[in-house]
Protein chains: 2
Amino acid sequence: MTLTYRESQQGLLRERLLDAAQAITEASGWSTVTMAKIASTIGVSRQTVHNELGTRHDVALALAMRELGRFLDVVRVRMADADDLVDGIRNACAGVLELGRDSILIRTIVGSVGSGNDADLLTILTTESGEIVETAGVVVKQSVLDHFGDVPLTDAELDVAVESIVRLVLSHITRPSKDPAQAAGDIAWIIELALTGKRATS
Amino acid sequence: MTLTYRESQQGLLRERLLDAAQAITEASGWSTVTMAKIASTIGVSRQTVHNELGTRHDVALALAMRELGRFLDVVRVRMADADDLVDGIRNACAGVLELGRDSILIRTIVGSVGSGNDADLLTILTTESGEIVETAGVVVKQSVLDHFGDVPLTDAELDVAVESIVRLVLSHITRPSKDPAQAAGDIAWIIELALTGKRATS
DNA sequence: AGCGGATGTCAAGTTGCTTGACAACTACTC
DNA sequence: GAGTAGTTGTCAAGCAACTTGACATCCGCT
């Protein structure tokens, strides 16, 4: 059996619904996204949107989580391609920040100033982003362990380092102050210092 | 509304079923294709195969028609790219014959000599191919009219010319005797002679 | 306060795939 | 040549997913 019909159909509805929600968001902001619009965009009933995605808040979260997945793909690739841990972190951060800069969805969310309450999607990305930080942290940590097993940190210390990286990147996305490359360099610099400091004292 | 869910799901089942049938055919010949195998390959019930595609004979026809569609895509492109009618015909024929030479499905069907009765799919492609010749004829004729409206033939004569081209190509696919380019040249030569003859006598 | 629009939820209806069964046919085996 | 296994084509009942219509609730606006 190569690939079942259900598998190739699995999540198709969800993807199409999120596509619709994302399109509306990119076009006119999250505040203009209604369950009915999402439904009619792809020609299903409003009820189906609720069945598949839950509440409107769940839609926002799902949208964020899906976009997050694309960012984490970049992380995995860049970490796998790097020879050195710090290089991997720098490259991964740079890739993620570039994606954040170029993503229409991200720019629409982050650029939502004032008008309407588009900002609640942004809120999810920042304050209420527990699941995001957690998921991203898991992936980043796994990437580190997969490719650079000899990190001079305890597991708990690694958790802190990873979480810090994720939070720094998230911050640079939501409030950019410099080039992706520069920001990535900054983050890598901090982490490298932490690692050398740790090495010196251990 | 960009694209409804139903539209993006429409024909997915059919495509997956035909993919399965084609894979089995390419792997071990049409005679080994059963409705149950098609169903289990993509994880649906046998009844669903019948509902979607009809009888086993219908599956063969659908397989042939789908492959035909790919060939006709080549025709449309090559005819559109040509400056001269005869060049268009030659290029289109060459493209189709190359595709016929390279298509695993076609080679499996045509190469079905003896063992089992794989040949009944081949039969469909040749003797029982009324629908194929007809469909191909419509597309080729339309391509000719779209790009070379000034053909010195009546509508009925054009029909004959087009059908002849289709039949010649089909013959060269099922029983190749020379290069695609050479065969295409032969067909174009015949048609060109017919056209000049017609011009001289009109 | 009242109104329109949106949300979240429910129950009934429809559609499409599944399941189990059946008769008819073919190929193989003893 | 009869028996057996495998396949086909078809049917009806069952089930899961989407649709439809309805309702209470909440929020922003006049």
Side-chain angles (χ1 to χ4, degrees), chain A residues 1 3-21 24-25 27-63 112 114-121 123-124, chain B residues 1 3-21 24-25 27-63 114-121 123-124 128:
Chain A
M1 189 181 303
L3 188 70
T4 69
Y5 173 53
R6 286 242 178 264
E7 281 166 359
S8 66
Q9 191 195 20
Q10 198 63 286
L12 173 60
L13 173 59
R14 186 184 178 84
E15 287 303 306
R16 300 288 291 109
L17 286 173
L18 290 178
D19 287 347
I24 300 169
T25 303
S28 48
W30 171 250
S31 67
T32 70
V33 175
T34 72
M35 304 303 267
K37 270 192 200 171
I38 296 175
S40 72
T41 298
I42 70 164
V44 297
S45 66
R46 190 169 62 88
Q47 181 64 42
T48 299
V49 183
H50 283 291
N51 289 343
E52 185 65 34
L53 295 177
T55 71
R56 186 170 181 278
H57 180 267
D58 293 336
V59 175
L61 209 52
L63 216 49
S112 65
S115 72
N117 40 359
D118 290 6
D120 51 355
L121 218 184
T123 301
I124 290 175
Chain B
M1 191 181 305
L3 189 69
T4 69
Y5 174 54
R6 287 241 176 266
E7 281 167 358
S8 66
Q9 189 195 21
Q10 199 62 286
L12 173 61
L13 173 58
R14 186 185 179 85
E15 287 303 305
R16 301 288 292 109
L17 286 172
L18 290 178
D19 287 346
I24 301 169
T25 303
S28 49
W30 171 248
S31 68
T32 70
V33 175
T34 72
M35 303 303 268
K37 272 191 199 170
I38 296 175
S40 71
T41 298
I42 69 163
V44 297
S45 67
R46 190 169 62 88
Q47 180 64 41
T48 298
V49 183
H50 284 291
N51 289 343
E52 185 65 34
L53 296 176
T55 71
R56 186 170 182 277
H57 179 267
D58 292 337
V59 174
L61 209 52
L63 216 49
S115 73
N117 39 0
D118 290 4
D120 50 354
L121 219 184
T123 302
I124 290 174
E128 201 185 334

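Every chain is numbered from 1, with letters handed out A, B, ... down the list of sequences.
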Quick check against the 3.5 Å criterion: does B:Arg46 have a side-chain atom that pairs as donor or acceptor with the backbone of B:Thr34?
no
State which of D:dT8, C:dC10, D:dA12 makes the closest approach to the side chain of B:Gln47.
D:dA12
Between A:Arg6 and A:Ala36, which is nearer to the 5' end of DNA chain C once each is assigned its nearest nucleotide?
A:Ala36
For the atom pair CH2 (A:Trp30) and CG (A:Leu63), what is the distance rounded to the nearest 0.5 Å?
6.5 Å
Counting any heavy atom closer than 4.0 Å, what does A:Thr55 reach on the DNA or RNA strands: base, sugar-phosphate only, or nothing?
sugar-phosphate
Please report the distance, rounded to the nearest Å, between NE2 in B:His50 and C1' in C:dA21.
14 Å
Taking for each residue the nucleotide of DNA chain C with the nearest heavy atom, is it A:Met35 or B:Val44 whose nucleotide lies nearer the 5' end?
A:Met35
Report the nucleotide, chosen from C:dC17, D:dC18, D:dT8, that has the shortest atom-to-atom distance to any side-chain atom of A:Leu13.
D:dC18
Pick base, sugar-phosphate or nothing for B:Thr48, based on heavy-atom distances below 4.0 Å to the nucleic acid.
base
Base of C:dG8, side chain of A:Arg46 - is there a donor-acceptor contact under 3.5 Å?
yes
Categorize A:Thr34 for me: base, sugar-phosphate, or nothing, with a 4.0 angstrom heavy-atom threshold over every strand shown.
sugar-phosphate
Using whole Å, what does the distance between atom C1' of nucleotide D:dC18 and atom CZ of A:Arg16 come to?
16 Å
Using atom CD of B:Glu52 as one end and atom P of C:dT15 as the other, report the distance to the nearest whole Å.
16 Å
Contacts of type side chain to side chain contact (heavy atoms under 4.5 Å, CB included), residue A:Ala27, not counting sequence neighbours:
none
Round to a whole Å and report the spacing from CZ of B:Arg56 to C1' of D:dT10.
18 Å
